[in-house]
Amino acid sequence: MTDPKDTINIENVVASTGIGQELDLQSVAMDLEGADYDPEQFPGLVYRTQNPKSAALIFRSGKIVCTGAKSTDDVHESLRIVFDKLRELQIQVNEDPEIVVQNIVTSADLGRNLNLNAIAIGLGLENIEYEPEQFPGLVYRLDDPEVVALLFGSGKLVITGGKQPVDAEHAVDKIVSRLEDLGLLE
Amino acid sequence: RLRKWQERIRTKDAGERNLQFALSETDRMASSLAIPRSVREVACVIYRRALDEDLIRGRSIEGVATSTLYAACRMEGIPRSLEEVAAVSRVERKEIGRTYRYVAQELNLEMEPVNPKKYVPRFCSELELSEEVQVKANEIIDTTTEKGLLSGKSPTGYAAAAIYAASLLCNEKKTQREVSDVAQVTEVTIRNRYQEQIEAMGIHD
DNA sequence: GCTTTAAAAAGTAAGGT
DNA sequence: ACCTTACTTTACAAAGC
């Protein structure tokens with residue numbers, strides 16, 4: 001039997017940072033190749049990196065959001081690229097801007113089909129949300145770690161809201177033991 | 001004192017006007033969906049609770065009224081799908097679903113997932129199918145659910161496929177198109193659920 | 001509340017061939 | 001009937017309406 005923890009895969013990491021300098025997004029949009037900037041629609045300028053793949057949202061305040069990376073290392077690498085691109089435009093960027101991971105999205109596989117109806121009742125209707133008419137996944141909010149898990153009939157799951165990769169591991173352990181206690185993982 | 005008194009009256013009046021409008025909307029929607037009076041009353045009780053707990057703030061009266069009607073139908077065992085309630089509401093389906101989830105959570109309605117069998121009597125009568133077909137459709141739903149086919153599937157699509165299969169088995173065939181019209185799901189969904197269900201039932205046609 | 005970005009899960013839908 | 005595209009859900013930051 002495969003430990004469900006070994007099936008965990010990081011799918012997306014969201015992080016925020018800042019260069020410590022205000023920006024004229026209009027001119028950055030002109031000089032930065034591939035930049036998307038439509039202030040009427042959204043105040044941030046969108047810049048995509050190819051390797052690693054990610055999307056950076058750059059704001060007038062100099063604050064930046066990076067999303068789409070597959071690991072925390074990729075977040076740092078993507079932002080390093082963004083910082084260098086800005087420096088090429090003669091923009092001052094702090095030496096090592098603090099990068100804060102805000103959210104990690106992971107997927108995993110329990111390796112068994114799940115009876116979501118039984119799980120909804122077993123885990124307590126007041127704690128879960130399962131509306132198959134609206135979405136096929138069952139929404140399970142954990143207190144510790146503070147994450148949200150989406151459970152599917154296939155046994156696959158998505159965990160989001162975590163700040164560290166270990167949050168997903170702890171969440172999987174708790175979900176597995178809760179389901180085993182209820183006899184719903186057989 | 002006097003100001004507080006006036007404020008109370010104003011709030012109360014606003015609340016009453018709010019409630020009056022909500023009740024008339026609930027009645028209008030319930031009438032066009034042929035929902036029994038007893039269920040409308042349940043919807044009104046839920047709406048009143050939502051009003052008392054201040055859940056209306058930031059949402060439209062119509063949206064909450066539609067959601068409570070949707071919830072009441074489920075609670076009373078004669079569910080209407082979001083598609084159906086959205087058709088008589090001026091709030092879009094997505095908003096009705098969101099509001100319903102919020103109200104159900106805040107009022108601890110503890111709603112169980114809809115059993116597809118709850119749609120069988122109404123859909124079958126709209127299709128003028130016999131009692132025999134209904135029994136067969138229920139049997140298909142029970143058997144395939146036990147085999148784990150229901151998880152994550154929409155109850156209406158699931159019921160529609162079982163009814164379609166049952167109509168074939170009982171020689172009272174309805175087309176996928178006819179069933180999809182009453183169930184408000186696409187023929188593709190009926191086809192997909194139907195294939196899974198007959199395979200799980202061990203039926204070869 | 002909304003707007004935008006990214007990504008997964010699985011079901012449903014819509015449009016084209 | 002198939003194929004592709006797209007929308008539903010979760011979390012999160014950013015600035016502005």
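Each chain gets a letter, A, B and so on, in the order its sequence line appears, and its residues count up from 1.
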Does B:T186 put a side-chain nitrogen or oxygen below 4.0 Å from OP1 or OP2 of C:dA13?
-> yes
So do B:M75 and B:I46 actually touch side chain to side chain, heavy atoms under 4.5 Å?
-> yes
Could you tell me the separation between the CG atom of A:N113 and the P atom of C:dG11, rounded to a whole number of Å?
-> 10 Å
Counting heavy atoms from C-beta on, name the nucleotide in D:dC12, C:dA8, C:dA13 closest to the side chain of A:Q102.
-> D:dC12
Under 4.0 Å between a side-chain N or O of B:K94 and OP1 or OP2 of D:dT8?
-> yes
Looking at D:dA13, does its base get a donor-acceptor pair with the side chain of A:S16 below 3.5 Å?
-> no
Distance, rounded to the nearest Å, where B:E196 contributes CD and C:dA10 contributes P = 13 Å
Hey, which sits more toward the 5' end of DNA chain C by its nearest nucleotide, A:F152 or A:T67?
-> A:T67
Minimum-distance nucleotide (side-chain atoms of A:P43 versus C:dA7, D:dA15, C:dA13) = D:dA15
Nearest of C:dA9, D:dT9, C:dT5 to any side-chain atom of A:K156?
-> C:dA9
Atom P, compared across C:dT3 and D:dC7: separation rounded to whole Å | 12 Å
With a non-hydrogen cut-off below 4.0 angstrom, is B:R93 in contact with a base, only sugar-phosphate, or nothing?
-> nothing
Rounding to a whole Å, what distance do you find between A:D38:CG and C:dT4:P?
-> 10 Å
When rounded to the nearest 0.5 angstrom, what is the spacing between CD in B:E172 and CG in B:L168?
-> 11.0 Å
A:S107 near the nucleic acid: base, sugar-phosphate alone, or nothing, with a heavy-atom cut-off under 4.0 Å?
-> nothing
Any N/O donor-acceptor pair, A:T160 side-chain to D:dA11 base, under 3.5 Å | yes
Taking all atoms of both residues into account, what is the closest heavy-atom pair of A:K174 and A:S177, and its distance?
-> O-OG, 3.2 Å
In whole Å, what separates the C1' atom of C:dA7 from that of D:dC3?
-> 23 Å
With a 4.0 Å cut-off on heavy atoms, is A:S61 in touch with a base, just the backbone sugar-phosphate, or nothing at all?
-> sugar-phosphate
Give A:S154 one of three labels, base, sugar-phosphate or nothing, depending on what nucleic acid heavy atoms sit under 4.0 Å from its own.
-> sugar-phosphate
Would you mind telling me which of B:K117, B:K136, B:K147 makes a salt bridge (charged side-chain N to carboxylate O under 4.0 Å, His left out) with B:D142?
-> B:K117
Rounded to the nearest Å, what distance is computed from the CD1 atom of residue A:I159 to the P atom of nucleotide D:dT9?
-> 20 Å
Considering all heavy atoms of both residues, which atom of A:V75 and which atom of A:A15 are nearest to each other, and what is their separation?
-> CG1-CB, 3.6 Å
Just checking B:R59: base, sugar-phosphate only, or nothing, at a heavy-atom cut-off of under 4.0 Å?
-> nothing
Using a heavy-atom cut-off of under 4.0 Å over every strand shown, decide if B:V185 touches base, sugar-phosphate, or nothing.
-> sugar-phosphate
Are B:R57 and C:dG1 close enough that a side-chain N or O sits under 4.0 Å from OP1 or OP2?
-> no
Answer for the Watson-Crick or wobble partner of C:dA7, both distances under 3.5 Å, is none
Touch class at under 4.0 angstrom, heavy-atom based, for A:G44 against every strand present | nothing
Between C:dA9 and D:dC2, how far is it from one C1' atom to the other, in whole Å?
-> 23 Å
Under 4.0 Å between any heavy atoms, over every strand shown, what does A:V148 touch: base, sugar-phosphate, or nothing? Just pick one.
-> sugar-phosphate
Round to the nearest Å and state the distance from B:I96 atom CD1 to D:dT9 atom P.
-> 13 Å
Using a cut-off of strictly less than 4.0 Å, decide whether A:K53 has a side-chain nitrogen or oxygen near OP1 or OP2 of C:dA7.
-> yes
Watson-Crick or G-U wobble mate for D:dA11, both contacts under 3.5 Å = none
Between A:R60 and D:dA14, does any side-chain N or O lie under 4.0 Å from OP1 or OP2?
-> no
B:D54 bridged to B:R57 by N-O distance under 4.0 Å | yes
Go through D:dT10, D:dA13, C:dA7 for me and flag the one nearest to the A:V65 side chain.
-> D:dA13
Counting side-chain heavy atoms from C-beta on, which of D:dT10, D:dC12, D:dA13 comes nearest to A:L150?
-> D:dT10
Donor-acceptor contact below 3.5 Å, side chain B:S67 vs main chain B:I96 = yes
Using whole Å, report how far CZ of A:F135 lies from P of D:dT8.
-> 11 Å
Rounded to the nearest Å, what distance is computed from the CG atom of residue A:L151 to the P atom of nucleotide D:dT9?
-> 17 Å
Nearest-Å distance for atom pair CD/P, residues B:E83 and C:dG11 | 18 Å
Within the pair B:R193 and C:dG11, is there a side-chain N or O less than 4.0 Å away from OP1 or OP2?
-> no
Of A:N12 and A:K63, whose nearest nucleotide on DNA chain D comes first from the 5' end?
-> A:N12
Hey, is the side chain of B:R191 poking within less than 4.0 Å of OP1 or OP2 on C:dT12, counting only N and O atoms?
-> no
Are more than 12 heavy atoms from other residues, nucleotides or ligands located less than 6.0 Å from atom NZ of A:K163?
-> yes
Starting at the 5' end of DNA chain C, which residue's closest nucleotide do you reach first, A:A55 or B:K153?
-> A:A55
C:dA10 to D:dC12 separation - P atoms, rounded to the nearest Å = 23 Å
